[in-house]
Engineer: 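The structure is given below, and queries will be raised subsequently.
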Amino acid sequence: MSDEVVLKISHLSKYFGNIKAIENINLEIFKGEIVAFVGDNGAGKSTLMKILSGEYRPSSGEIEIFGEKVVKFNPKSLIKKGITTVYQNLALVDNLDIVSNIFLGYEKRKFMFFLQHREMKMTAEKLLKNLNINIPSLESEVGELSGGQRQGVAIARAIHQGGRILILDEPTAAMGIKESREVYKLIKSLSKEEITVLIVSHNIQQVFDVADKVYIMKRGNIVNQFKTHDTNYNEIADIILGEYAAC
Ligand SMILES: Nc1ncnc2c1ncn2[C@@H]1O[C@H](COP(=O)(O)OP(=O)(O)OP(=O)(O)O)[C@@H](O)[C@H]1O
Ligand SMILES: [Mg+2]
C-alpha cells in the first residue's frame with residue numbers, strides 16, 4: 001500500500017425522494033488498499049458503490065479519482081477514470097470462452113482473425129498468470145467454471161479494461177468456503193499489483209482476513225472505521241454486532 005490517495009470522497013449524499021440512502025460520507029482510500037464496507041441491510045453500502053460506478057448521480061458532494069474530480073456520473077466515464085465494478089454473474093457470457101470474455105467489447109481488431117485471436121490469447125494468459133488465477137484451459141466456456149474461477153475471469157477482465165480501483169459487491173455470495181478463500185487470496189494478490197479494492201460484504205470473518213481497513217455503515221453514515229492490523233476479529237465482531245444490535 002502506498003501513501004497516494006486514489007479515491008477521495010467529500011460530503012457525499014444521496015437521497016431518493018425523501019429517503020436518505022447515504023449522507024455526508026467522507027473518506028480517503030490509498031493505492032493498493034483493500035477496504036471493506038460492512039453494515040446492516042439498507043445501510044447505504046450499495047448506493048455508495050453505485051455512485052462510484054456511475055449508476056447513480058450523487059445528490060451532493062464530490063468525488064476525486066486519481067486526483068481528478070468526477071464531473072460526469074455514468075459508467076463509461078468512471079471506467080475511463082480507472083474505477084470498475086466487477087459483476088460476478090451479469091458481465092460474463094457463459095457460452096463464450098475465457099479469452100473472449102476477458103476481451104468482451106474490447107477485442108483487438110485486425111484483418112486476420114487467427115492472428116488476432118492468438119494475440120488475445122497470449123495477453124489473457126499473461127494476465128491470468130500475473131494474477132495467479134488458476135484456470136486449466138483458456139478454451140473452456142465460462143459457463144463450465146466454478147464460482148471462484150468466474151470471479152477470477154471477471155477480475156482479469158476489469159483489469160484488462162483499465163480498472164485500477166475495483167469494486168466488488170458481495171464477491172463470495174453463494175460460494176463455498178474453499179472457493180471464497182480462493183477469491184480472497186486473489187483479492188490479496190491484487191494489492192501487490194497496486195490495484196485498490198473496495199469490497200461490500202456481510203461476511204465479517206472473511207472481511208477481517210482480507211481487508212486493511214473496515215468501514216461500518218449504518219443508516220447512510222459511516223459510524224466506525226478501523227485498521228484490521230490494529231485490532232483482532234473478536235473486537236471487530238463486538239463493534240459490528242453492537243452496531244447491528246443498536247439498529
Ligand atoms: N433506487 C432506489 N430507490 C429508492 N430507494 C432506494 C434505492 N436504492 C436504495 N434505496 C434505499 O436507500 C437505502 C440504502 O440502500 P442500499 O441498497 O444502499 O443498502 P445496502 O447497505 O446495500 O443494503 P443490503 O445490505 O441489503 O444490500 C435503503 O433505505 C434503500 O431502501
Ligand atoms: Mg447492497
Side-chain angles (χ1 to χ4, degrees), residues 7-27 29 33-63 65 70 72-79 83-92 147 150-151 154-155 158 163 165-175 180 183-184 187 196-226 228 233 236-247:
L7 176 64
K8 185 173 177 201
I9 297 176
S10 317
H11 308 296
L12 196 74
S13 301
K14 175 73 184 172
Y15 301 92
F16 295 100
N18 52 14
I19 297 171
K20 172 184 91 177
I22 58 167
E23 194 171 61
N24 198 22
I25 302 279
N26 293 285
L27 49 91
I29 294 175
E33 208 172 22
I34 303 174
V35 181
F37 294 83
V38 300
D40 243 350
N41 297 117
K45 308 177 295 291
S46 294
T47 301
L48 177 59
M49 299 307 140
K50 283 177 182 168
I51 293 173
L52 293 173
S53 64
E55 253 180 82
Y56 294 154
R57 154 173 284 282
S59 305
S60 57
E62 266 189 21
I63 295 173
I65 298 173
V70 179
K72 285 187 196 156
F73 282 87
N74 61 59
K76 242 188 176 164
S77 335
L78 280 134
I79 289 173
I83 191 161
T84 306
T85 300
V86 179
Y87 296 100
Q88 193 185 335
N89 295 314
L90 301 176
L92 299 177
R150 291 171 66 88
Q151 189 67 249
I155 287 174
I165 303 171
L166 303 186
I167 298 175
L168 308 171
D169 198 341
E170 297 289 352
T172 58
M175 277 184 202
S180 309
V183 170
Y184 279 107
I187 292 171
T196 307
V197 185
L198 277 54
I199 309 171
V200 171
S201 179
H202 282 100
N203 192 324
I204 301 166
Q205 176 70 65
Q206 283 178 353
V207 152
F208 180 73
D209 288 343
V210 76
D212 299 306
K213 211 178 271 169
V214 178
Y215 290 100
I216 303 174
M217 292 187 71
K218 185 181 167 189
R219 293 189 196 132
N221 299 108
I222 290 173
V223 292
N224 219 320
Q225 54 176 289
F226 43 83
T228 45
Y233 169 71
I236 288 170
D238 280 350
I239 297 170
I240 297 174
L241 294 172
E243 293 296 340
Y244 285 170
C247 282

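Each ligand, and each atom within it, is numbered from 1 in the order the structure gives.
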Engineer: Going by heavy atoms in the side chains, are Asp40 and Arg219 under 4.5 Å from each other?
Structural biologist: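 They are not in side-chain contact.
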Engineer: For a 4.5 angstrom cut-off between non-hydrogen side-chain atoms, does Tyr184 reach Ile199?
Structural biologist: yes
Engineer: Is a side-chain donor-acceptor pair under 3.5 Å present for Thr85 with Asp169?
Structural biologist: no
Engineer: Atom 12 (O) of ligand 1: which protein heavy atom is closest, and how many Å away?
Structural biologist: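 Ranked first by proximity to atom 12 (O) of ligand 1 is Ala21 CB, 3.3 Å.
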Engineer: Among protein heavy atoms, which sits nearest to atom 6 (C) of ligand 1, and what does the distance come to when rounded to 0.1 Å?
Structural biologist: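 Of the protein heavy atoms, Phe16 CD1, 3.3 Å lies nearest.
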Engineer: Looking only at distances, can you tell me whether any N or O atom of Lys20, backbone or side chain, sits closer than 3.5 Å to an N or O atom of ligand 1?
Structural biologist: no
Engineer: Measure the shortest side-chain to side-chain distance between Leu27 and Val35 over non-hydrogen atoms and say whether it is less than 4.5 angstrom.
Structural biologist: no
Engineer: Just to confirm my output: which protein heavy-atom neighbour is closest to atom 29 (O) of ligand 1, and how far is it?
Structural biologist: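 Nearest protein contact, heavy atoms only, for atom 29 (O) of ligand 1 is Ile19 CG2, 4.0 Å.
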Engineer: Given side chain to side chain contact (heavy atoms under 4.5 Å, CB included), test Tyr233 with Asp209 step by step and report yes or no.
Structural biologist: CA-CA 8 Å; Tyr233 169 71; Asp209 288 343; over 6 Å; no
Engineer: Does NZ or CZ of Lys213 fall inside the cone over Tyr215's six-membered ring, less than 6.0 Å from its centre and within 45° of the axis?
Structural biologist: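 No, a cation-pi geometry is absent between Lys213 and Tyr215.
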Engineer: Of the backbone atoms (N, CA, C, O) and the side-chain heavy atoms from C-beta on, which set of His202 has a member under 4.0 Å from an atom of ligand 1: side chain, backbone, both, or neither?
Structural biologist: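 Looking at His202 and ligand 1, just side chain atoms fall under 4.0 Å.
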Engineer: For ligand 1, is Lys14 a contact, meaning one of its heavy atoms is under 4.0 Å away?
Structural biologist: no
Engineer: Any atoms of ligand 1 less than 4.0 Å from a non-hydrogen atom of Thr47? List them with their elements.
Structural biologist: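 Here the atoms of ligand 1 in question are 9 (C), 14 (C), 15 (O), 16 (P), 18 (O).
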Engineer: Take every heavy atom of Tyr56, measure it against each atom of ligand 1, and state whether any distance is under 4.0 Å.
Structural biologist: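 Under 4.0 Å: yes for Tyr56.
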Engineer: Has Lys8 got more than 12 heavy atoms of other residues, nucleotides or ligands less than 6.0 Å from its NZ?
Structural biologist: no
Engineer: Closer than 2.8 Å to the Mg ion (ligand 2), which protein N, O or S atoms?
Structural biologist: Ser46 OG
Engineer: Is there side-chain contact between Leu78 and Ile65, with at least one heavy-atom pair below 4.5 Å?
Structural biologist: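 Yes. Closest side-chain heavy atoms under 4.5 Å.
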Engineer: Quick check: do Lys45 and His202 have side-chain heavy atoms less than 4.5 Å from each other?
Structural biologist: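 The answer is yes, as the side chains (C-beta and beyond) meet within the 4.5 Å cut-off.
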Engineer: Just need the protein heavy atom nearest to atom 25 (O) of ligand 1, so name the residue and atom and give the distance.
Structural biologist: Lys45 NZ, 2.7 Å
Engineer: Against heavy atoms of Asp40, which atoms of ligand 1 measure under 4.0 Å?
Structural biologist: 21 (O), 25 (O)
Engineer: Return the closest protein heavy atom for atom 27 (O) of ligand 1 as residue, atom name and distance.
Structural biologist: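 Its nearest protein heavy-atom neighbour is Ser46 OG, 3.9 Å.
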Engineer: Of the protein's non-hydrogen atoms, which lies at the shortest distance from atom 13 (C) of ligand 1, and what is that distance?
Structural biologist: Gly42 O, 3.7 Å
Engineer: Find out whether Phe208 and Val214 are in side-chain contact, i.e. whether some heavy atom of one side chain is under 4.5 Å from a heavy atom of the other.
Structural biologist: no
Engineer: Contact between Leu48 and Ile9 at the side-chain level, heavy atoms closer than 4.5 Å - yes or no?
Structural biologist: yes
Engineer: Below 3.5 Å, N or O to N or O, backbone or side chain included: is there any such pair between Ala43 and ligand 1?
Structural biologist: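 Ala43 vs ligand 1: N/O contact under 3.5 Å present.
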Engineer: Looking only at side chains, do Gln206 and Ser201 share a donor and an acceptor under 3.5 Å apart?
Structural biologist: no
Engineer: Judging by distance only, is a nitrogen or oxygen of Gly44 under 3.5 angstrom from one on ligand 1?
Structural biologist: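 For ligand 1, there is an N or O atom that lies under 3.5 Å from one belonging to Gly44.
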Engineer: Return the closest protein heavy atom for atom 26 (O) of ligand 1 as residue, atom name and distance.
Structural biologist: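 It is Asn41 ND2, 2.8 Å.
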Engineer: Would a 4.5 Å heavy-atom cut-off, applied to side chains only, mark Leu168 and Val183 as touching?
Structural biologist: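 Side-chain contact under 4.5 Å: no.
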